[in-house]
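Here is how names work: the chains are called A, B, and so on, in the same order as the sequence lines, proteins then strands, and each is numbered from 1. All values reported here derive from a predicted model rather than from experimental measurement.
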There are 4 protein chains.
Amino acid sequence: MKDKKSTVIEVATRLFAEQGFDKTSVDNICKAAGVSKGLVYHHFNSKDEILQEIFVQTTKSMLEMNKSVPNEPPENQLVKLIENIFSQLEHDKLFFQLNLNLMFQPSTRKLLSHHIKERSAALLDSVKKIFDGIDPDQSTKLSFMFIAEIDGVSLDYLSVYENYPLKALKEHLINKYKNI
Amino acid sequence: MKDKKSTVIEVATRLFAEQGFDKTSVDNICKAAGVSKGLVYHHFNSKDEILQEIFVQTTKSMLEMNKSVPNEPPENQLVKLIENIFSQLEHDKLFFQLNLNLMFQPSTRKLLSHHIKERSAALLDSVKKIFDGIDPDQSTKLSFMFIAEIDGVSLDYLSVYENYPLKALKEHLINKYKNI
Amino acid sequence: MKDKKSTVIEVATRLFAEQGFDKTSVDNICKAAGVSKGLVYHHFNSKDEILQEIFVQTTKSMLEMNKSVPNEPPENQLVKLIENIFSQLEHDKLFFQLNLNLMFQPSTRKLLSHHIKERSAALLDSVKKIFDGIDPDQSTKLSFMFIAEIDGVSLDYLSVYENYPLKALKEHLINKYKNI
Amino acid sequence: MKDKKSTVIEVATRLFAEQGFDKTSVDNICKAAGVSKGLVYHHFNSKDEILQEIFVQTTKSMLEMNKSVPNEPPENQLVKLIENIFSQLEHDKLFFQLNLNLMFQPSTRKLLSHHIKERSAALLDSVKKIFDGIDPDQSTKLSFMFIAEIDGVSLDYLSVYENYPLKALKEHLINKYKNI
DNA sequence: TATGAATGAGGGTTCATTCAT
DNA sequence: CATGAATGAACCCTCATTCAT
């Protein structure tokens, strides 16, 4: 049988993604997870702490996903990275949506500010390593631009436009970066 | 003396931006605006309605800001649009932050979904009109890409990275689009 | 009809006296006072604040009770004071019991520490003024002794011994002080 | 190594004295004592039972402290008793404070009512035996007065006045009783 | 003896909303 | 237009106690 603490984390992650952190009560989580309130507060000191644990786990899996393959030429790494991200985008919308709303909602932002900084720096670093192999002089600017493109597409796809031409934009970006 | 209803809207806008919609109570608004609860509920049927009125106003001023100048060549229009947006980004961070968190927080998203769709369509339309003058075959894709770039930069600048190289990215985009 | 805020204060005073502060829930108070929780929190910021308001009121009425009559000889003042206090002791046990448990229970002590200091100083001052008219050199010591006797009798009568010989001790003290 | 049950008693005594019975959770005790909840509930049936055991122990040591020396003249016994109590008062404030708040807080009062009666009667009895040797006709009244003086001084010293003239009052009482 | 996961009732507090004035 | 008292449901959290291991 699965660890109850893990169950709580899983359920909470889903509910936070679907309804938002503030609109998800601890009671919601308990009922959805089939556990008592006491159990939740036995494993976590507060609702905030549940969120923080989720964010840290999420960061780990994002970094895992973006791990570059150092032996390949940088252009290939970029292409693979793009393919990776777009594939995830399609298959785990909720996961990305959660991260967007955690980062932009003032209440959760404050709560996670330290973790957000760490994660962002790590992601930038990982992209910059690739661009250092392409154009060291402009690698910072290019990295920020690359990240902005990814973030912008994600945002528009996930939260703005229905019928978003995700595939077309993926091809567009792959074409742009494979011959950069 | 200023209209009390307008005062409420102004104060609510600021508080929603600073603290988030859910964490701002009607009482907060009343105290900050120096009016009574009765007054607020005389002008608005609910807290949700305050938010909707804010969103509609915000949409108007965003469209105003993005209004193209039809007589100029499309490249110039793009450049002017970019300059416009980046200038606003710098001078009214709170305004953009509010829009980000309203759109990505599930609770407010639902509330505003109709208005969000309208606004997004209008913005897309206004950009697409310009790209139609450049490359009608790809204007949709190019418009989405353009919007993604703007949105991504905004998002990273406003909510992710401290010391974001906003100016460098502005120049980068202007260079990209002025000779497209 | 009586002010609901006053009703809450009255009911809370009684319940705190009967059950203790910690064992009296806000819900208890609401039900006993026939008001809603919202009403209580509309008038008081917290349960603690209710207690503080009660303590301040109590202090006022204690000082009122101990007000000396400056034109009389000090011995008479002492006798009147003793008679006053013993009469109150008999007729308002709950009132004194409340004050005892508020002052000795660590949680309420902390909460009220400032008010407790003020009250104690005021009471001491009021007694010392009388003893200054009897023996200025020893007035401090005599005041503390007098207060200790009163406090000790109160305490033993209210909270220790059933069948306490309150009258006999009153006579004893009156005899002691009328010819001091 | 010390008995774990004794450790629990010691820790609980300290915490009850510092924070009050109601504000001390079983979990507080467990953590401070370095034992598990299961262990505590193995040795005690309930939190209340811990308190009762503490009170009984406390009573024993109080009676021990007040034990009179029958062969001496009663005046000397009184003086020795006063010196004993004041010495304890100075050196173990927490111990006395605990007893005060246990006796005056309604919730703990009820719980301990039987033990409180027993203790009080025993103390009165032990004092009365001395006064019987001085003035059998008035020994009851004198005993209650004596106890009231001691209790009043303790109460004011422990819980009311900072900078209490404890020594002066001790001398005052010793002078009063040594030539009674 | 000893652990700590698990329960569930109840605690203090917040808040959108209503309504008499 | 304007006030603010009043409601009641919901929220986060605490805690004495139980029990499988």
Side-chain angles (χ1 to χ4, degrees), chain A residues 1 3-5 7-8 21-31 33-51, chain B residues 3-5 8 21-31 33-51, chain C residues 1 3-5 7-8 21-31 33-51, chain D residues 3-5 8 21-31 33-51:
Chain A
M1 203 187 92
D3 190 343
K4 291 210 179 179
K5 183 174 177 182
T7 309
V8 171
F21 177 72
D22 287 330
K23 290 289 185 197
T24 302
S25 70
V26 175
D27 211 59
N28 288 159
I29 299 171
C30 292
K31 268 157 192 158
V35 301
S36 68
K37 273 189 194 177
L39 191 270
V40 168
Y41 281 92
H42 179 72
H43 288 295
F44 305 92
N45 288 317
S46 64
K47 189 186 168 192
D48 290 358
E49 206 180 276
I50 303 178
L51 182 64
Chain B
D3 190 348
K4 290 206 180 178
K5 184 174 176 181
V8 171
F21 177 71
D22 287 330
K23 291 285 186 199
T24 302
S25 69
V26 175
D27 209 61
N28 287 160
I29 299 171
C30 291
K31 266 159 193 156
V35 302
S36 69
K37 279 189 185 170
L39 193 271
V40 167
Y41 278 89
H42 177 77
H43 288 295
F44 305 91
N45 288 317
S46 66
K47 187 186 168 191
D48 290 357
E49 207 180 275
I50 303 177
L51 182 64
Chain C
M1 205 186 93
D3 190 341
K4 291 211 180 179
K5 184 175 176 183
T7 308
V8 170
F21 178 72
D22 287 329
K23 289 289 186 197
T24 302
S25 71
V26 175
D27 212 58
N28 288 160
I29 298 171
C30 292
K31 269 159 192 157
V35 302
S36 68
K37 275 190 190 181
L39 190 272
V40 167
Y41 280 92
H42 178 71
H43 289 294
F44 304 91
N45 288 316
S46 64
K47 189 187 169 191
D48 290 358
E49 206 180 276
I50 303 177
L51 182 63
Chain D
D3 188 347
K4 289 208 181 177
K5 184 175 175 182
V8 170
F21 177 72
D22 287 330
K23 291 286 185 198
T24 302
S25 69
V26 174
D27 210 61
N28 287 160
I29 299 171
C30 291
K31 266 158 193 156
V35 302
S36 71
K37 279 188 188 173
L39 192 271
V40 166
Y41 278 90
H42 177 76
H43 288 294
F44 305 91
N45 288 317
S46 65
K47 188 187 168 190
D48 290 357
E49 206 180 277
I50 304 178
L51 182 63

Measure from [atom1] on [X] to [atom2] on [N] and round the result to the nearest Å.
| X | N | atom1 | atom2 | answer |
| --- | --- | --- | --- | --- |
| A:Leu51 | F:dC12 | CG | C1' | 15 Å |
| D:Asp27 | E:dT7 | CG | C1' | 15 Å |
| C:Asp3 | F:dA6 | CG | C1' | 13 Å |
| A:Ile50 | F:dC11 | CD1 | P | 14 Å |
| C:His42 | E:dT13 | NE2 | P | 17 Å |
| C:Ile29 | F:dG8 | CD1 | P | 18 Å |
| D:Phe21 | F:dC15 | CZ | C1' | 12 Å |
| A:Lys31 | E:dT7 | NZ | C1' | 14 Å |

Want to settle it: does C:Asp48 or B:Tyr41 sit nearer the 5' end of DNA chain E, counting the closest nucleotide to each?
-> C:Asp48
Report the residue (D:Leu39 or C:Lys37) whose heavy-atom-nearest nucleotide on DNA chain E is the more 5′ of the two.
-> D:Leu39
Which part of the nucleic acid, if any, lies within contact of C:Lys5, taking any heavy atom under 4.0 Å across all strands shown: a base, the sugar-phosphate backbone alone, or nothing?
-> nothing
Under 4.0 angstrom, heavy atoms only, what part of the nucleic acid is B:Lys47 near: base, sugar-phosphate, or nothing?
->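 It contacts sugar-phosphate atoms only.
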Which residue, D:Gly38 or B:Gly34, contacts DNA chain F at a nucleotide closer to its 5' end, judged by nearest heavy atom?
-> B:Gly34
Per nearest nucleotide of DNA chain F, the residue lying toward the 5' end, A:Val26 or B:His43, is B:His43
Write down the atom of C:Val40, the atom of C:Cys30, and the distance for their closest heavy-atom approach.
-> CG2-SG, 3.7 Å
Contact summary for B:Glu49 and B:His43, nearest pair of heavy atoms |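 Where B:Glu49 meets B:His43 most closely, the heavy atoms are OE2-O, 4.2 Å.
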Under a 3.5 Å limit for both distances, which nucleotide forms a Watson-Crick or G-U wobble pair with F:dA20, could you say?
->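 Looking at the geometry, F:dA20 pairs with E:dT3.
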Which nucleotide, in any strand shown, forms a Watson-Crick or G-U wobble pair with E:dG11, with both distances under 3.5 Å?
->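 Pairing partner, where one exists within any strand: F:dC12.
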Does the A:Lys47 side chain pair with the main chain of A:Phe21, one donor and one acceptor, at a distance under 3.5 Å?
->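 Looks like yes, one N/O pair under 3.5 Å.
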At under 4.0 Å, does any side-chain N or O of B:Lys4 touch on OP1 or OP2 of F:dA2?
->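 Answer yes for this pair, as a side-chain N or O of B:Lys4 is under 4.0 Å from OP1 or OP2.
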Only residue of A:Ile29, A:Asp27, A:Asp22 satisfying side chain to side chain contact (heavy atoms under 4.5 Å, CB included) with A:Ser25 is A:Asp27
What distance do A:Lys5 atom NZ and A:Phe44 atom CZ have between them, rounded to the nearest 0.5 Å?
->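 It is 5.0 Å, given to the nearest 0.5 Å.
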